[in-house]
Amino acid sequence: DGGITQSPKYLFRKEGQNVTLSCEQNLNHDAMYWYRQDPGQGLRLIYYSQIVNDFQKGDIAEGYSVSREKKESFPLTVTSAQKNPTAFYLCASSSASSGRVEQFFGPGTRLTVL
Amino acid sequence: AQSVSQHNHHVILSEAASLELGCNYSYGGTVNLFWYVQYPGQHLLLLLKYFSGDPLVKGIKGFEAEFIKSKFSFNLRKPSVQWSDTAEYFCAVIQNNNDMRFGAGTRLTVKP
C-alpha cells in the first residue's frame with residue numbers, strides 16, 4: 001500500500017522546545033517537500049529535497065531545519081527560533097523535482113505550541 | 001513575484017447548483033496547472049492537471065477545468081455539485097519547471 005505517512009497527527013509543544021515531524025514515503029520518489037498550511041494562506045513551501053543528502057530552502061525556511069539521509073524519509077524540525085509555529089504541516093513527494101509531475105501529499109501533522 | 005490567485009475564499013451552494021472556482025496566475029512562460037481538493041480531515045487529493053494539449057481537462061469526481069492562456073486562468077467547474085463536494089479546493093501552478101505555487105484556497109460548502 002504505497003503512500004506518504006506523517007506522524008504524529010497531532011503534536012503539542014511548549015514554547016522554547018524543538019520538535020521533529022516525521023515524513024516517510026514508499027513511492028520511490030526522488031523529491032520531497034514540506035509545506036505549512038495556515039487558514040486563508042494556502043500552502044507555503046518550507047524546504048524541499050530533490051535527492052538524498054541535498055535540500056533547499058523554500059519561501060519560509062526560517063526557524064526550520066530538515067535532513068534527507070534516506071530516500072524514504074524527510075523529517076522536519078521546528079526549532080524554538082520559529083516565531084509562530086502553530087500550524088498544519090504537510091509533507092509531499094514527487095517522482096521528479098520539476099516539470100510535469102504532480103505531488104502526492106501525506107495526511108499532515110497539526111502542531112500546537114502551548 | 002510569482003503568485004496564484006483564488007478570488008473566492010468561501011463559496012456556498014445548494015446541491016445540484018453549478019460550480020465555477022476561479023484561479024489566475026501572474027506569470028507567463030510554460031505552465032503546468034493543477035487543482036487539488038482537501039476534504040475535511042483528509043489528504044490533499046489531485047483532482048486534475050494540465051500540461052499541454054486540449055485546454056479543457058477532465059478530472060475525477062465529475063470536475064473539469066479550462067486553461068485560457070490569454071487570461072492566465074485555469075478555472076475549475078462542475079455542472080452539478082453534491083453535498084459530498086464540501087471541501088477546500090486549491091489551485092497550483094508550476095512555471096518554467098520551478099517550484100509548485102499554491103493559491104490561498106477556496107472553501108466550498110454545499111447545502112443539502
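Just so you know, these numbers use all the heavy atoms, side chains as well, and skip hydrogens, waters and symmetry mates. In what follows, every chain begins at residue 1, and chains take the letters A, B, ... in the order their sequences are listed. Nothing here was measured: the structure is a model prediction, and the numbers come from that model.
The cluster map of Ile, Leu, Val, Met, Phe, Trp and Tyr, joined by side-chain heavy atoms under 4.5 Å apart, puts A/Tyr64 and A/Leu90 in different clusters. Under a hydrophobic-cluster definition in which Ile, Leu, Val, Met, Phe, Trp and Tyr are linked whenever side-chain heavy atoms come within less than 4.5 Å, directly or via other members, B/Val4 and B/Leu48 are assigned to the same cluster.
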Inset, instruction - Determine, step by step, whether B/His43 and A/Gln6 satisfy the side chain to side chain contact (heavy atoms under 4.5 Å, CB included) criterion, reporting the C-alpha distance in whole Å, the side-chain angles of both residues, the deciding distance to 0.1 Å, and the verdict. - result: CA-CA 11 Å; B/His43 301 202; A/Gln6 291 185 244; over 6 Å; no
Inset, instruction - Run the numbers on A/Phe105 and B/Gln38 for side chain to side chain contact (heavy atoms under 4.5 Å, CB included), then give the verdict. - result: CA-CA 10 Å; A/Phe105 285 84; B/Gln38 188 177 34; over 6 Å; no
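At most 12 heavy atoms of other shown residues, nucleotides or ligands fall within 6.0 angstrom of atom CZ in B/Arg107. Within a 6.0 Å radius of CD in A/Gln56, more than 12 heavy atoms belonging to other residues, nucleotides or ligands are found.
The candidate with the highest count of non-hydrogen atom pairs below 4.5 Å against chain B, out of A/Gly108, A/Ala92, A/Pro39, A/Gly40, is A/Gly40.
Between the side chain of A/Tyr48 and the main chain of B/Asp99, no donor-acceptor pair closer than 3.5 Å is present.
Heavy atoms closer than 4.5 Å to chain A are found in both the backbone and the side chain of B/Leu44. A/Gln103 touches chain B through backbone and side chain together, each having a heavy atom under 4.5 Å away. Contacts between A/Asp38 and chain B at a heavy-atom distance below 4.5 Å are absent for every atom of the residue.
Taken from CG in A/Leu43 to CZ in B/Arg101, the straight-line distance is 12.0 Å, to the nearest 0.5 Å. For the atom pair B/Leu47 CG and A/Glu102 CD, the distance stands at 11.5 Å (nearest 0.5 Å).
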